[in-house]
S.K.: 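Mind looking over this structure? Questions follow.
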Amino acid sequence: MKQKDQEIVDYIFSKNSKSKVRKAYFENDFLLFCFYYFPWEFLHALADFQIEYIENLEDWMNIFFVGFRECWKSMILTQYYIYCICYKKRRFIMHYNSEIEQAKSMLRDVVMILQENEKIIADFGYLYLPEWWRKQKDKKQKSISEFITENWIKVKAMSIWKSPRGQKFVYKWVTYRPDLIWFDDIDTNKNTKNADIIEADINFILWEVFGWVSAFTQFVFLGNVINDIWRVLSLKNHFESDKKSGVKIFWIPIRKNWKIVWDRFVATDKIAEEKNKNIKDSREFFISLESRRRLQGQIWYNQNYNLIPYIKGQRIISDSMIQYYQNLPKNYKVVIGVDPAFSEKTGSDAIWITVTAHENYNKENYKYVIEMIALEWEEKDEERFCKFIKNLAEKYNYSVIYIENNNWWGVLARMLKKRNLSVIVINSEKDKVTRLREFQWEIERWLIKFNSDNFLVWKWLEQLKLFPNSDHDDMVDSMVFSFNKPVWASVRILW
């Protein structure tokens with residue numbers, strides 16, 4: 001920045017009364033707009049890629065951005081919406097997400113800023129009227145599907161397969177079409193299973209959205225790394241191969257040429273501790289990658305920071321992660337996990353039961369897999385099952401029983417309730433691989449330990465080390481159910 005420009009900026013930042021000067025100057029400087037109106041967000045110097053990203057947004061470039069977790073890509077997106085609204089840079093904004101509720105939640109975040117950011121209100125007025133001026137209590141809503149600001153900008157939440165075709169916003173007899181379309185986190189662990197659906201979504205984005213709207217519409221894609229079949233990777237390959245698309249591609253892992261790309265992150269806990277020892281505000285802390293790796297496990301860390309996808313069939317648990325215990329701790333709570341198999345189709349499947357002890361020690365939650373049990377054939381009779389669970393619960397002085405929701409969950413829950421057992425029913429929307437991966441970091445850190453004296457536990461561990469390529473995976477669900485938190489409450493059933 002030139003000396004003269006620096007003097008102007010210093011003057012603007014120091015003189016709150018100079019609203020007209022500030023507004024005029026910031027209209028052509030999105031970066032300074034962010035610094036002034038959101039100073040609490042920028043407590044660390046920006047990296048080069050972040051500055052380039054901000055400048056490209058201001059230049060109305062189409063952008064494809066995949067970056068490591070906590071790189072501020074979504075935060076900057078929110079501030080760009082505010083910038084476009086304040087200066088009428090865009091008249092009809094569409095925000096896409098994988099699910100409509102997530103897109104609506106983003107709109108609510110924008111509304112909250114317009115209602116509560118004192119600096120923006122002082123310079124631009126109430127661009128979205130606060131709740132005491134309106135009948136609608138937006139502050140109490142968890143999400144907002146669409147809104148029109150006081151300076152007549154329309155913002156609308158969208159999900160995949162909702163087309164912008166035919167969408168318009170009319171103000172003073174002028175018709176506006178969508179001129180800013182933003183896709184945010186369109187890949188999730190939940191929606192990256194079916195290759196046919198993914199391909200259909202990609203075609204929708206490329207031809208129904210990107211291929212239809214005006215040449216003056218700005219597109220931005222923000223993505224995450226999930227697994228080896230995902231929308232973001234296909235879109236990246238498409239834009240790289242089509243030079244005429246005019247899309248700027250950002251692919252930002254945490255390290256480039258072995259060097260950390262943003263100095264807010266440091267390699268080890270020791271370095272972070274040294275840098276943070278004199279910092280009082282935790283928002284200013286430097287972040288240890290060693291800590292992130294430890295808390296997330298290798299697979300999640302690779303996805304979130306190294307941008308390395310999970311490959312289908314990749315083993316989740318290795319030999320070195322398995323830790324056995326010799327004795328149970330003195331103080332613990334027992335959780336019982338049950339994966340029921342009551343139906344004609346699953347007549348030959350066993351009901352798997354896992355008993356796990358939970359211990360809180362030194363701010364860590366340790367888990368000890370005590371026992372695994374398989375009930376088969378006549379043992380699966382409802383009365384025998386309930387009697388067995390009752391005896392098992394009394395044997396271990398249990399805390400709670402977690403059971404998967406299936407066609408028989410209501411019957412089982414009521415039968416167990418009659419025996420005064422505490423039960424929580426789980427709706428398992430995630431697949432077995434995702435469920436196990438959520439606990440990989442705990443197994444990797446030896447926070448989950450296993451009983452080598454129980455034959456089924458030992459047998460299961462041999463399968464676990466091969467999973468998801470093992471011959472049997474029936475025990476996964478009952479085990480991860482037993483990893484849920486104990487309940488400290490009176491006996492009851494929870495729906």
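Treat the numbers as computed from the prediction; the structure is a model and nothing was measured.
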S.K.: Any idea how Phe64 and Phe221 line up, ring-wise: parallel (<30°), tilted (30 to 60°), or perpendicular (>60°)?
M.R.: tilted

S.K.: With a 4.0 Å cut-off on N to O distance, would you call Glu240 and Lys236 a salt bridge?
M.R.: yes

S.K.: With a 4.0 Å cut-off, would you call Glu444 and Arg293 a salt bridge?
M.R.: yes

S.K.: Would you say the ring centers of Tyr402 and Phe481 fall short of 6.0 Å from each other?
M.R.: no

S.K.: When you check the side-chain N and O atoms of Tyr368 and His358, is any donor under 3.5 Å from an acceptor?
M.R.: no

S.K.: Quick check: closest heavy atoms across Phe42 and Gln79, and the distance to 0.1 Å?
M.R.: CZ-OE1, 3.3 Å

S.K.: Can Arg437 be said to sit on top of Trp300's aromatic six-ring, NZ or CZ under 6.0 Å from centre and within 45° of the ring axis?
M.R.: yes

S.K.: Do Tyr96 and Phe219 have ring centres separated by under 6.0 Å?
M.R.: no

S.K.: Can Glu359 and Lys367 be counted as an ion pair, charged N to O under 4.0 angstrom?
M.R.: no

S.K.: Check the side chains of Ser482 and Thr356 for a donor-acceptor pair under 3.5 angstrom, ignoring hydrogens and angles.
M.R.: yes

S.K.: Consider only side-chain N and O atoms of Arg292 and Tyr301, and report whether a donor and an acceptor are under 3.5 Å apart.
M.R.: no

S.K.: Just by distance, with hydrogens left out, do Asp269 and Ser291 show a side-chain donor and acceptor under 3.5 Å apart?
M.R.: no

S.K.: On the 0 to 90° scale, with breaks at 30° and 60°, tag the Trp262-Phe68 ring pair as parallel, tilted or perpendicular.
M.R.: tilted

S.K.: Take Gln102 and Asp185, measure what side chain to side chain donor-acceptor pair (under 3.5 Å) needs, and give me the verdict at the end.
M.R.: CA-CA 9 Å; Gln102 293 174 310; Asp185 292 346; over 6 Å; no

S.K.: Whether Lys275 engages the ring of Phe286 as a cation-pi pair (distance to the six-membered ring centre under 6.0 angstrom, angle to the ring normal within 45°) should be assessed.
M.R.: yes

S.K.: Ignoring hydrogens and geometry beyond distance, is a side-chain donor-acceptor pair present between Asp187 and Asn224 at under 3.5 Å?
M.R.: no

S.K.: With sequence neighbours left out, write down each residue that passes side-chain hydrogen bond (donor to acceptor under 3.5 Å, both in side chains) with Gln323, or none if nothing qualifies.
M.R.: none

S.K.: Check whether the side chains of Ser159 and Glu99 place a donor and an acceptor atom closer than 3.5 Å, and report yes or no.
M.R.: no

S.K.: Is Glu383 paired with Lys390 through a side-chain N to carboxylate O contact shorter than 4.0 Å?
M.R.: no

S.K.: Is it true that the side chains of Glu199 and Asn203 contain a donor and an acceptor less than 3.5 Å apart?
M.R.: no

S.K.: Verify the distance criterion only: is there a donor paired with an acceptor across the side chains of Asn451 and Glu371 at less than 3.5 Å?
M.R.: no

S.K.: For the residue pair Thr434 / Glu438, report whether a side-chain donor-acceptor contact shorter than 3.5 Å exists.
M.R.: no

S.K.: Assess, by modelled atom type and distance only, whether the side chains of Trp161 and Asp201 contain a donor and an acceptor separated by less than 3.5 Å.
M.R.: yes

S.K.: In plain terms, say whether Lys270 and Glu274 are close enough for a salt bridge, that is, a side-chain N and a carboxylate O under 4.0 Å apart.
M.R.: no

S.K.: Taking atom types as modelled, is there a side-chain donor on Tyr366 or Glu442 under 3.5 Å from an acceptor on the other?
M.R.: no

